[in-house]
Amino acid sequence: MDNCLFCKIAAGQIPSNKVYEDDQVLAFHDIDPQAPVHFLVIPKKHIDAPAALTGEDAPLVGHIFAVIAKIAADLGLENGYRVVTNSGEDGGQTVHHLHFHVLAQRKLAWPPG
Ligand code: AMP
Ligand code: ZN
C-alpha cells in the first residue's frame, strides 16, 4: 500500500534492523524499544489493524505466533515475553499496518497503562 511505513520496510525500501524474514512475515527491532528486547512482527501483506482481520487471515496469524515462538527460543527468552497488538486510537495504534510487539528481558507490569 502506498505511503505505508511498514509496507516500505517489508519491501526493503526503508531499512530495518531485521530479526527474521520469510515469504509471509518480517520481524525487526523497534526503533524506540520499551524493553531490553523489543521487536515487531509484521505480515508482508498490508492489513490495516487487528480490527481488519477476518477468518481468512487465521493461517497467517497462526504463522506469526509460531514465528514469535521460534524467535523467542532463538533469542533465549525462556523467562518469558509479552506479545502486544494495539488496535485503533484507544488501543494506542500509531502505525496502521498490523504488527505484533514482542517485549522481553524485564519484568512487565500488569495491567498495562
Ligand atoms: P504502535 O504504536 O502499536 O502502532 O506501534 C508502532 C511501533 O512502530 C512503535 O513502537 C514505534 O517505535 C515503531 N516504529 C516506528 N517507526 C519505526 C521504524 N522505522 N523502524 C522500527 N520501528 C518503528
Ligand atoms: Zn502496510
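Throughout, numbering of the chain's residues begins at 1 and tracks the sequence.
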**Q** Enumerate, atom names and distances included, each donor-acceptor pair closer than 3.5 Å involving a side-chain atom of residues 49-72, sequence neighbours excluded.
**A**
from, atom 1, to, atom 2, distance (Å)
T54, OG1, E56, N, 3.3
D57, OD1, K45, NZ, 3.0
D57, OD2, T54, N, 3.0
H63, NE2, D22, OD2, 2.7
K70, NZ, D74, OD2, 2.9

**Q** With side chain to side chain contact (heavy atoms under 4.5 Å, CB included) as the criterion, how do H46 and D48 come out once you've worked through the C-alpha distance, each side chain's angles and the decisive distance to 0.1 Å?
**A** CA-CA 6 Å; H46 182 90; D48 279 334; 2.7 Å; yes

**Q** Check whether any side-chain heavy atom of V25 sits under 4.5 Å from a side-chain heavy atom of Y20, and report yes or no.
**A**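 When only atoms from C-beta onward are counted, Y20 and V25 do touch, with a gap below 4.5 Å.
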
**Q** Nearest 0.5 Å, please: how far is SG in C4 from CD1 in I9?
**A**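 Result: 9.0 Å between the selected atoms.
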
**Q** With hydrophobic residues grouped by side-chain heavy-atom distances under 4.5 Å, do L75 and L40 end up in a single group?
**A**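 No, it is not one cluster - the side chains of L75 and L40 are not joined through contacts under 4.5 Å.
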
**Q** What is the minimum heavy-atom distance between I47 and P43, and which atoms define it?
**A** CD1-CG, 4.5 Å

**Q** In this structure, would F39 and V84 fall into the same cluster of hydrophobic residues linked by side-chain contacts under 4.5 Å?
**A** no

**Q** Can you run down the side chain to side chain donor-acceptor pair (under 3.5 Å) pairs that involve residues 10-19, sequence neighbours left out, and say none if there aren't any?
**A** K18-E21

**Q** Treating Ile, Leu, Val, Met, Phe, Trp and Tyr as nodes and any side-chain heavy-atom pair under 4.5 angstrom as an edge, say whether M1 and L98 lie in one connected cluster.
**A** no

**Q** With rounding to the nearest 0.5 angstrom, report the CD to OG1 distance, Q93 to T85.
**A** 9.5 Å

**Q** Roughly how far apart are N86 CG and H96 NE2, rounded to 0.5 Å?
**A** 10.5 Å

**Q** Pairs of donor and acceptor atoms involving the side chains of residues 100-113, under 3.5 Å and at least two apart or interchain, shall be tabulated with distances.
**A**
from, atom 1, to, atom 2, distance (Å)
H101, ND1, H38, NE2, 2.9
R106, NE, Q34, O, 3.0
R106, NH2, Q34, O, 2.7

**Q** How long is the gap from CD1 on I42 to CG on L26, to the nearest 0.5 Å?
**A** 5.0 Å

**Q** Might you point out which heavy atoms bring H97 and F6 nearest each other, and give the distance in Å?
**A**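 Shortest heavy-atom separation between H97 and F6 comes out as CG-CB, 3.6 Å.
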
